[in-house]
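See structure below.
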Protein chains: 2
Amino acid sequence: MSNKCELLRQRIVASADQLFYQQGYENTSFSDIANEVNISRGNFYYHFKSKDDILNAVIDKRLGDIENTLHEWEKNSPDPKKRILSYINMLHQNKESITKHGCPVGVMCTELNKINHLMHSDATRLHVLFKNWLSKQFKDLGHKKDAQNLAMHLLSRAQGIASITSAFEDKSFLKREIKTLTDWLENIS
Amino acid sequence: MSNKCELLRQRIVASADQLFYQQGYENTSFSDIANEVNISRGNFYYHFKSKDDILNAVIDKRLGDIENTLHEWEKNSPDPKKRILSYINMLHQNKESITKHGCPVGVMCTELNKINHLMHSDATRLHVLFKNWLSKQFKDLGHKKDAQNLAMHLLSRAQGIASITSAFEDKSFLKREIKTLTDWLENIS
DNA sequence: GTCTATATACGGATAGAC
DNA sequence: GTCTATCCGTATATAGAC
(Lines give C-alpha, C1' and ligand atoms only; values in the text may rest on other atoms or scores of the structure.)
Protein backbone atom coordinates (compact mmCIF):
# COMPACT_ATOMS: atom_id res chain seq x y z
CA MET A 1 0.00 0.00 0.00
CA SER A 2 1.28 3.47 -0.81
CA ASN A 3 -0.13 4.64 2.49
CA LYS A 4 2.16 2.33 4.42
CA CYS A 5 5.05 3.49 2.29
CA GLU A 6 4.23 7.12 3.00
CA LEU A 7 4.02 6.40 6.72
CA LEU A 8 7.48 4.82 6.72
CA ARG A 9 8.82 7.83 4.86
CA GLN A 10 7.39 10.09 7.52
CA ARG A 11 8.92 7.98 10.28
CA ILE A 12 12.32 8.24 8.58
CA VAL A 13 12.02 12.02 8.28
CA ALA A 14 10.88 12.38 11.89
CA SER A 15 13.80 10.31 13.17
CA ALA A 16 16.27 12.13 10.94
CA ASP A 17 14.85 15.43 12.20
CA GLN A 18 15.51 14.44 15.82
CA LEU A 19 18.97 13.01 15.14
CA PHE A 20 20.07 15.99 13.03
CA TYR A 21 19.05 18.22 15.92
CA GLN A 22 20.76 16.17 18.62
CA GLN A 23 23.91 15.06 16.79
CA GLY A 24 24.16 17.32 13.76
CA TYR A 25 23.61 16.46 10.12
CA GLU A 26 27.14 15.38 9.18
CA ASN A 27 27.56 13.41 12.36
CA THR A 28 24.38 11.40 11.77
CA SER A 29 24.89 8.36 9.53
CA PHE A 30 22.39 6.19 7.68
CA SER A 31 23.13 3.52 10.27
CA ASP A 32 22.01 5.88 13.04
CA ILE A 33 18.69 6.56 11.36
CA ALA A 34 18.30 2.92 10.32
CA ASN A 35 18.69 1.78 13.94
CA GLU A 36 16.05 4.26 15.03
CA VAL A 37 13.51 3.28 12.35
CA ASN A 38 14.42 -0.43 12.24
CA ILE A 39 15.06 -0.73 8.53
CA SER A 40 18.20 -1.62 6.58
CA ARG A 41 20.64 0.94 5.23
CA GLY A 42 19.96 -0.04 1.63
CA ASN A 43 16.26 0.54 2.00
CA PHE A 44 16.78 4.28 2.32
CA TYR A 45 17.45 4.64 -1.34
CA TYR A 46 14.01 3.44 -2.23
CA HIS A 47 12.56 6.43 -0.36
CA PHE A 48 15.30 9.03 -0.87
CA LYS A 49 17.89 9.40 -3.56
CA SER A 50 20.64 10.78 -1.31
CA LYS A 51 21.40 12.05 2.18
CA ASP A 52 20.89 15.61 0.95
CA ASP A 53 17.45 14.51 -0.14
CA ILE A 54 16.65 13.51 3.45
CA LEU A 55 17.95 16.87 4.66
CA ASN A 56 15.60 18.53 2.21
CA ALA A 57 12.66 16.55 3.54
CA VAL A 58 13.63 17.41 7.11
CA ILE A 59 13.75 21.12 6.31
CA ASP A 60 10.35 20.88 4.59
CA LYS A 61 8.92 19.14 7.66
CA ARG A 62 10.31 21.85 9.92
CA LEU A 63 8.87 24.56 7.70
CA GLY A 64 5.46 22.92 8.02
CA ASP A 65 5.83 22.46 11.78
CA ILE A 66 6.69 26.13 12.25
CA GLU A 67 3.72 27.25 10.15
CA ASN A 68 1.43 25.09 12.25
CA THR A 69 2.85 26.58 15.43
CA LEU A 70 2.37 30.14 14.15
CA HIS A 71 -1.24 29.42 13.20
CA GLU A 72 -1.77 27.94 16.66
CA TRP A 73 -0.42 31.09 18.32
CA GLU A 74 -2.66 33.24 16.15
CA LYS A 75 -5.69 31.14 17.01
CA ASN A 76 -4.94 31.33 20.74
CA SER A 77 -5.02 35.12 20.85
CA PRO A 78 -5.94 38.09 18.64
CA ASP A 79 -3.67 40.37 20.69
CA PRO A 80 -0.31 40.93 18.91
CA LYS A 81 1.51 41.46 22.20
CA LYS A 82 0.28 38.14 23.53
CA ARG A 83 1.25 36.51 20.26
CA ILE A 84 4.79 37.82 20.60
CA LEU A 85 4.78 36.50 24.16
CA SER A 86 3.96 33.07 22.74
CA TYR A 87 7.20 33.28 20.80
CA ILE A 88 9.18 34.32 23.85
CA ASN A 89 7.59 31.64 26.02
CA MET A 90 8.59 28.99 23.49
CA LEU A 91 12.08 29.37 24.95
CA HIS A 92 10.75 28.34 28.34
CA GLN A 93 8.68 25.46 27.00
CA ASN A 94 11.68 24.02 25.20
CA LYS A 95 14.18 24.77 27.94
CA GLU A 96 15.28 21.15 28.36
CA SER A 97 16.14 20.56 24.70
CA ILE A 98 17.60 24.06 24.32
CA THR A 99 19.93 23.46 27.25
CA LYS A 100 21.10 20.20 25.70
CA HIS A 101 21.16 21.02 21.99
CA GLY A 102 20.52 24.72 21.44
CA CYS A 103 18.00 26.21 19.02
CA PRO A 104 17.20 23.79 16.17
CA VAL A 105 17.07 26.55 13.58
CA GLY A 106 20.23 28.35 14.64
CA VAL A 107 22.22 25.15 15.04
CA MET A 108 21.25 23.87 11.60
CA CYS A 109 22.07 27.22 9.95
CA THR A 110 25.48 27.21 11.63
CA GLU A 111 26.28 23.69 10.52
CA LEU A 112 25.10 24.08 6.93
CA ASN A 113 27.07 27.28 6.67
CA LYS A 114 30.19 25.17 7.26
CA ILE A 115 29.54 22.10 5.18
CA ASN A 116 26.91 22.75 2.54
CA HIS A 117 26.68 26.23 1.19
CA LEU A 118 23.90 25.31 -1.22
CA MET A 119 21.38 24.39 1.44
CA HIS A 120 22.34 27.12 3.88
CA SER A 121 19.74 29.42 2.34
CA ASP A 122 17.09 26.73 2.78
CA ALA A 123 17.79 26.55 6.50
CA THR A 124 17.61 30.33 6.75
CA ARG A 125 14.03 30.10 5.47
CA LEU A 126 13.16 28.66 8.90
CA HIS A 127 14.35 31.93 10.44
CA VAL A 128 12.46 33.91 7.83
CA LEU A 129 9.13 32.32 8.77
CA PHE A 130 9.49 33.54 12.34
CA LYS A 131 10.82 36.91 11.21
CA ASN A 132 7.92 37.67 8.89
CA TRP A 133 5.34 36.54 11.41
CA LEU A 134 6.90 38.59 14.22
CA SER A 135 7.18 41.54 11.88
CA LYS A 136 3.45 41.37 11.23
CA GLN A 137 2.72 41.30 14.96
CA PHE A 138 4.91 44.33 15.63
CA LYS A 139 3.10 46.16 12.82
CA ASP A 140 -0.24 45.35 14.42
CA LEU A 141 1.22 46.67 17.66
CA GLY A 142 1.70 50.05 16.00
CA HIS A 143 5.30 49.85 14.92
CA LYS A 144 4.79 50.66 11.29
CA LYS A 145 8.28 51.66 10.29
CA ASP A 146 10.53 49.53 12.47
CA ALA A 147 8.48 46.33 12.66
CA GLN A 148 11.01 44.44 10.57
CA ASN A 149 13.93 45.65 12.70
CA LEU A 150 12.16 44.75 15.91
CA ALA A 151 11.46 41.27 14.57
CA MET A 152 15.10 40.77 13.67
CA HIS A 153 16.13 42.10 17.07
CA LEU A 154 13.88 39.65 18.89
CA LEU A 155 15.07 36.79 16.69
CA SER A 156 18.63 37.73 17.58
CA ARG A 157 17.91 37.91 21.31
CA ALA A 158 16.33 34.46 21.23
CA GLN A 159 19.30 33.05 19.33
CA GLY A 160 21.75 34.49 21.83
CA ILE A 161 19.81 33.13 24.77
CA ALA A 162 19.64 29.64 23.26
CA SER A 163 23.32 29.72 22.38
CA ILE A 164 24.54 30.79 25.83
CA THR A 165 22.07 28.58 27.70
CA SER A 166 23.39 25.59 25.78
CA ALA A 167 27.07 26.51 26.11
CA PHE A 168 26.85 27.07 29.88
CA GLU A 169 24.08 24.51 30.42
CA ASP A 170 22.45 27.15 32.60
CA LYS A 171 18.66 27.05 32.82
CA SER A 172 18.53 29.84 35.40
CA PHE A 173 20.16 32.16 32.87
CA LEU A 174 17.44 31.28 30.38
CA LYS A 175 14.74 32.15 32.90
CA ARG A 176 16.34 35.49 33.77
CA GLU A 177 16.59 36.41 30.12
CA ILE A 178 12.95 35.58 29.43
CA LYS A 179 12.06 38.10 32.12
CA THR A 180 14.35 40.66 30.49
CA LEU A 181 12.70 40.03 27.12
CA THR A 182 9.15 40.39 28.43
CA ASP A 183 10.16 43.65 30.14
CA TRP A 184 11.59 44.84 26.84
CA LEU A 185 8.34 43.97 25.06
CA GLU A 186 6.37 45.84 27.71
CA ASN A 187 8.54 48.93 27.27
CA ILE A 188 8.09 49.17 23.52
CA SER A 189 4.34 48.53 23.64
CA MET B 1 66.70 22.79 15.87
CA SER B 2 63.86 22.64 18.37
CA ASN B 3 63.11 26.27 17.57
CA LYS B 4 62.36 25.42 13.96
CA CYS B 5 60.24 22.52 15.11
CA GLU B 6 58.31 24.78 17.49
CA LEU B 7 57.72 27.29 14.70
CA LEU B 8 56.28 24.63 12.43
CA ARG B 9 54.04 23.49 15.24
CA GLN B 10 52.76 27.02 15.64
CA ARG B 11 52.12 27.29 11.91
CA ILE B 12 50.11 24.07 12.01
CA VAL B 13 48.04 25.32 14.94
CA ALA B 14 47.45 28.71 13.29
CA SER B 15 46.26 27.09 10.06
CA ALA B 16 44.09 24.61 11.92
CA ASP B 17 42.62 27.51 13.90
CA GLN B 18 41.60 29.30 10.71
CA LEU B 19 40.26 26.19 8.99
CA PHE B 20 38.30 25.02 12.04
CA TYR B 21 36.68 28.44 12.12
CA GLN B 22 35.87 28.57 8.41
CA GLN B 23 34.95 24.94 7.74
CA GLY B 24 34.33 23.44 11.15
CA TYR B 25 36.46 20.91 13.04
CA GLU B 26 34.93 17.69 11.70
CA ASN B 27 34.84 18.98 8.17
CA THR B 28 38.54 19.87 8.20
CA SER B 29 40.85 16.99 7.31
CA PHE B 30 44.58 16.55 7.79
CA SER B 31 44.91 17.00 4.03
CA ASP B 32 43.31 20.44 4.29
CA ILE B 33 45.77 21.55 6.94
CA ALA B 34 48.67 19.83 5.18
CA ASN B 35 47.96 21.77 1.98
CA GLU B 36 47.91 25.02 3.91
CA VAL B 37 51.18 24.38 5.75
CA ASN B 38 52.90 22.46 2.92
CA ILE B 39 53.82 19.35 4.84
CA SER B 40 52.79 15.74 4.39
CA ARG B 41 49.88 14.13 6.21
CA GLY B 42 52.13 11.65 8.00
CA ASN B 43 54.29 14.41 9.43
CA PHE B 44 51.46 15.57 11.67
CA TYR B 45 51.93 12.67 14.02
CA TYR B 46 55.41 13.78 14.86
CA HIS B 47 53.99 17.02 16.29
CA PHE B 48 50.56 15.83 17.52
CA LYS B 49 49.37 12.45 18.63
CA SER B 50 45.82 12.80 17.24
CA LYS B 51 43.35 15.22 15.69
CA ASP B 52 41.90 15.86 19.13
CA ASP B 53 45.38 16.87 20.19
CA ILE B 54 45.40 19.56 17.48
CA LEU B 55 41.98 20.73 18.65
CA ASN B 56 43.38 21.03 22.15
CA ALA B 57 46.28 23.12 20.89
CA VAL B 58 43.89 25.33 18.91
CA ILE B 59 41.75 25.95 21.98
CA ASP B 60 44.86 26.77 24.02
CA LYS B 61 45.97 29.22 21.33
CA ARG B 62 42.55 30.88 21.34
CA LEU B 63 42.60 31.16 25.12
CA GLY B 64 45.95 32.93 24.89
CA ASP B 65 44.74 35.18 22.07
CA ILE B 66 41.69 36.24 24.05
CA GLU B 67 43.77 36.99 27.14
CA ASN B 68 46.07 39.16 25.06
CA THR B 69 43.10 41.02 23.61
CA LEU B 70 41.63 41.64 27.06
CA HIS B 71 44.96 42.97 28.34
CA GLU B 72 45.13 45.22 25.30
CA TRP B 73 41.67 46.63 26.02
CA GLU B 74 42.63 47.25 29.63
CA LYS B 75 45.81 49.00 28.58
CA ASN B 76 43.93 51.23 26.12
CA SER B 77 41.59 52.65 28.72
CA PRO B 78 41.11 52.72 32.50
CA ASP B 79 37.40 53.51 32.08
CA PRO B 80 35.25 50.37 32.50
CA LYS B 81 32.56 51.72 30.19
CA LYS B 82 35.08 52.28 27.41
CA ARG B 83 36.47 48.82 28.03
CA ILE B 84 33.03 47.30 27.57
CA LEU B 85 32.70 49.35 24.40
CA SER B 86 35.88 47.69 23.16
CA TYR B 87 34.09 44.37 23.47
CA ILE B 88 31.02 45.64 21.61
CA ASN B 89 33.13 47.23 18.90
CA MET B 90 34.89 43.93 18.31
CA LEU B 91 31.70 42.91 16.51
CA HIS B 92 32.19 45.77 14.09
CA GLN B 93 35.88 45.14 13.58
CA ASN B 94 35.23 41.50 12.72
CA LYS B 95 32.10 42.14 10.70
CA GLU B 96 33.44 40.50 7.54
CA SER B 97 34.40 37.21 9.15
CA ILE B 98 31.30 37.21 11.39
CA THR B 99 29.06 37.61 8.34
CA LYS B 100 30.78 34.68 6.65
CA HIS B 101 31.42 32.32 9.55
CA GLY B 102 29.75 33.59 12.70
CA CYS B 103 31.39 33.97 16.11
CA PRO B 104 34.42 31.64 16.46
CA VAL B 105 33.62 30.85 20.09
CA GLY B 106 29.91 30.21 19.63
CA VAL B 107 30.37 28.18 16.47
CA MET B 108 32.97 25.93 18.08
CA CYS B 109 30.85 25.40 21.20
CA THR B 110 27.90 24.45 19.02
CA GLU B 111 29.91 21.97 16.99
CA LEU B 112 31.67 20.33 19.91
CA ASN B 113 28.34 20.01 21.67
CA LYS B 114 27.27 17.74 18.81
CA ILE B 115 30.34 15.64 18.19
CA ASN B 116 32.62 15.66 21.19
CA HIS B 117 31.04 16.01 24.58
CA LEU B 118 34.40 15.74 26.33
CA MET B 119 35.88 18.88 24.82
CA HIS B 120 32.69 20.92 24.89
CA SER B 121 33.61 22.25 28.33
CA ASP B 122 37.03 23.29 27.03
CA ALA B 123 35.42 25.41 24.33
CA THR B 124 33.11 26.99 26.89
CA ARG B 125 36.23 28.23 28.71
CA LEU B 126 36.61 30.70 25.82
CA HIS B 127 33.22 32.16 26.74
CA VAL B 128 34.17 32.20 30.41
CA LEU B 129 37.24 34.37 29.78
CA PHE B 130 35.04 37.08 28.27
CA LYS B 131 32.36 36.61 30.91
CA ASN B 132 34.71 37.05 33.87
CA TRP B 133 36.41 40.04 32.30
CA LEU B 134 33.12 41.76 31.47
CA SER B 135 31.84 40.95 34.93
CA LYS B 136 34.82 42.76 36.43
CA GLN B 137 34.15 45.81 34.25
CA PHE B 138 30.49 45.95 35.26
CA LYS B 139 31.56 45.73 38.89
CA ASP B 140 33.92 48.66 38.40
CA LEU B 141 31.00 50.49 36.82
CA GLY B 142 29.10 50.19 40.09
CA HIS B 143 27.00 47.10 39.45
CA LYS B 144 28.06 45.16 42.50
CA LYS B 145 25.26 42.63 42.67
CA ASP B 146 24.30 42.00 39.05
CA ALA B 147 27.68 42.32 37.36
CA GLN B 148 27.74 38.62 36.52
CA ASN B 149 24.22 38.71 35.08
CA LEU B 150 24.99 41.77 33.00
CA ALA B 151 28.08 40.08 31.63
CA MET B 152 26.10 36.99 30.66
CA HIS B 153 23.45 39.20 29.11
CA LEU B 154 25.98 41.05 26.96
CA LEU B 155 27.63 37.78 25.96
CA SER B 156 24.23 36.51 24.90
CA ARG B 157 23.40 39.63 22.91
CA ALA B 158 26.71 39.38 21.05
CA GLN B 159 26.11 35.71 20.30
CA GLY B 160 22.66 36.43 18.92
CA ILE B 161 23.92 39.25 16.74
CA ALA B 162 26.71 37.10 15.30
CA SER B 163 24.33 34.21 14.71
CA ILE B 164 21.67 36.25 12.87
CA THR B 165 24.19 38.34 10.95
CA SER B 166 25.76 35.15 9.65
CA ALA B 167 22.45 33.40 8.87
CA PHE B 168 21.03 36.39 6.96
CA GLU B 169 24.42 37.62 5.72
CA ASP B 170 23.22 41.06 6.73
CA LYS B 171 25.90 43.54 7.76
CA SER B 172 23.42 46.39 8.13
CA PHE B 173 21.64 44.41 10.84
CA LEU B 174 24.93 44.04 12.67
CA LYS B 175 25.49 47.80 12.57
CA ARG B 176 21.98 48.56 13.84
CA GLU B 177 22.43 46.14 16.72
CA ILE B 178 25.76 47.63 17.74
CA LYS B 179 23.95 50.95 18.11
CA THR B 180 21.26 49.25 20.18
CA LEU B 181 23.90 47.70 22.42
CA THR B 182 25.77 50.96 22.99
CA ASP B 183 22.47 52.65 23.88
CA TRP B 184 21.79 49.86 26.34
CA LEU B 185 25.22 50.33 27.91
CA GLU B 186 24.59 54.07 28.19
CA ASN B 187 21.26 53.46 29.91
CA ILE B 188 22.64 51.18 32.62
CA SER B 189 25.68 53.39 33.32
C1' DG C 1 62.26 15.31 11.31
C1' DT C 2 60.00 14.52 7.12
C1' DC C 3 58.63 11.62 3.75
C1' DT C 4 55.90 7.57 1.21
C1' DA C 5 53.24 3.66 1.65
C1' DT C 6 49.80 1.42 3.84
C1' DA C 7 46.58 -0.40 7.49
C1' DT C 8 42.05 0.16 9.10
C1' DA C 9 37.51 1.95 9.59
C1' DC C 10 33.49 4.11 8.17
C1' DG C 11 30.09 6.47 5.39
C1' DG C 12 27.40 7.13 1.23
C1' DA C 13 25.73 4.85 -2.60
C1' DT C 14 24.67 0.83 -5.96
C1' DA C 15 23.32 -3.95 -7.60
C1' DG C 16 20.66 -7.52 -7.46
C1' DA C 17 18.20 -11.40 -4.90
C1' DC C 18 13.83 -12.17 -2.86
C1' DG D 1 9.42 -2.70 -1.17
C1' DT D 2 12.89 -4.57 1.63
C1' DC D 3 16.83 -7.04 2.18
C1' DT D 4 22.09 -8.48 1.79
C1' DA D 5 26.33 -7.88 -0.27
C1' DT D 6 29.48 -4.92 -2.11
C1' DC D 7 31.82 -0.91 -4.36
C1' DC D 8 34.17 3.27 -3.76
C1' DG D 9 35.88 7.28 -1.71
C1' DT D 10 37.86 9.44 2.16
C1' DA D 11 39.56 10.00 6.85
C1' DT D 12 42.49 8.96 10.82
C1' DA D 13 46.36 6.74 12.11
C1' DT D 14 50.71 3.72 11.77
C1' DA D 15 55.14 1.70 9.88
C1' DG D 16 59.21 2.22 8.18
C1' DA D 17 62.55 4.26 4.61
C1' DC D 18 65.49 8.22 4.16
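Below, read A as the first sequence line, B as the second, and so on, with proteins coming before strands; counting in each chain starts at 1. Predicted model, so just to flag it, every value in this text is computed and none were measured.
A straight line from CD1 of B:I12 to P of C:dT2 spans 8 Å, rounded to a whole angstrom. Distance NZ (A:K4) to C1' (D:dG1): 9 Å, rounded to an integer number of Å. The CG atom of B:D32 sits 11 Å away from the C1' atom of D:dT10 (whole-angstrom rounding). Atom-to-atom, CZ of A:F44 to C1' of C:dG11 comes out at 12 Å; the value is rounded to the nearest Å. Distance A:D53 CG to C:dT14 P: 12 Å, rounded to the nearest Å. The separation between A:L55 atom CG and C:dG12 atom C1' is 15 Å, rounded to whole Å. Atom OH in B:Y46 sits about 4 Å away from atom P in C:dG1, given to the nearest Å. Here the P atom of nucleotide C:dG11 and the CG atom of B:N27 are 15 Å apart, to the nearest Å.
Residue pairs satisfying the salt bridge (Lys or Arg N to Asp or Glu O under 4.0 Å) criterion with at least one member in residues 17-28 of chain A, sequence neighbours excluded, are listed as follows: A:D17-A:K61, A:D17-A:R62. Residue pairs meeting the ring-ring contact (aromatic ring centres under 6.0 Å, His included) criterion with at least one partner in residues 77-122 of chain B, sequence neighbours excluded, are B:Y21-B:H101, B:Y87-B:F130. A ring-ring contact (aromatic ring centres under 6.0 Å, His included) check over residues 149-182 of chain B, counting only residues at least two apart or in different chains, returns the pairs A:H127-B:F168, B:H153-B:W184. Residue pairs meeting the salt bridge (Lys or Arg N to Asp or Glu O under 4.0 Å) criterion with at least one partner in residues 80-89 of chain B, sequence neighbours excluded, are B:K81-B:E186.
When each of C:dG1, D:dC3, C:dC3 is scored by its nearest atom to the side-chain atoms of A:N43, the top-ranked nucleotide is D:dC3.
The six-membered or imidazole ring of B:F30 lies away from that of B:F48, with a centre-to-centre distance of 6.0 Å or more.
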- In the 5'-to-3' direction, what one-character label does each nucleotide of nucleotides 12-18 of chain D receive under the scheme B = base within less than 4.0 Å of a protein heavy atom, S = sugar-phosphate only, - = no such atom? SBB----
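Partners of B:D52 by salt bridge (Lys or Arg N to Asp or Glu O under 4.0 Å), not counting sequence neighbours: none found.
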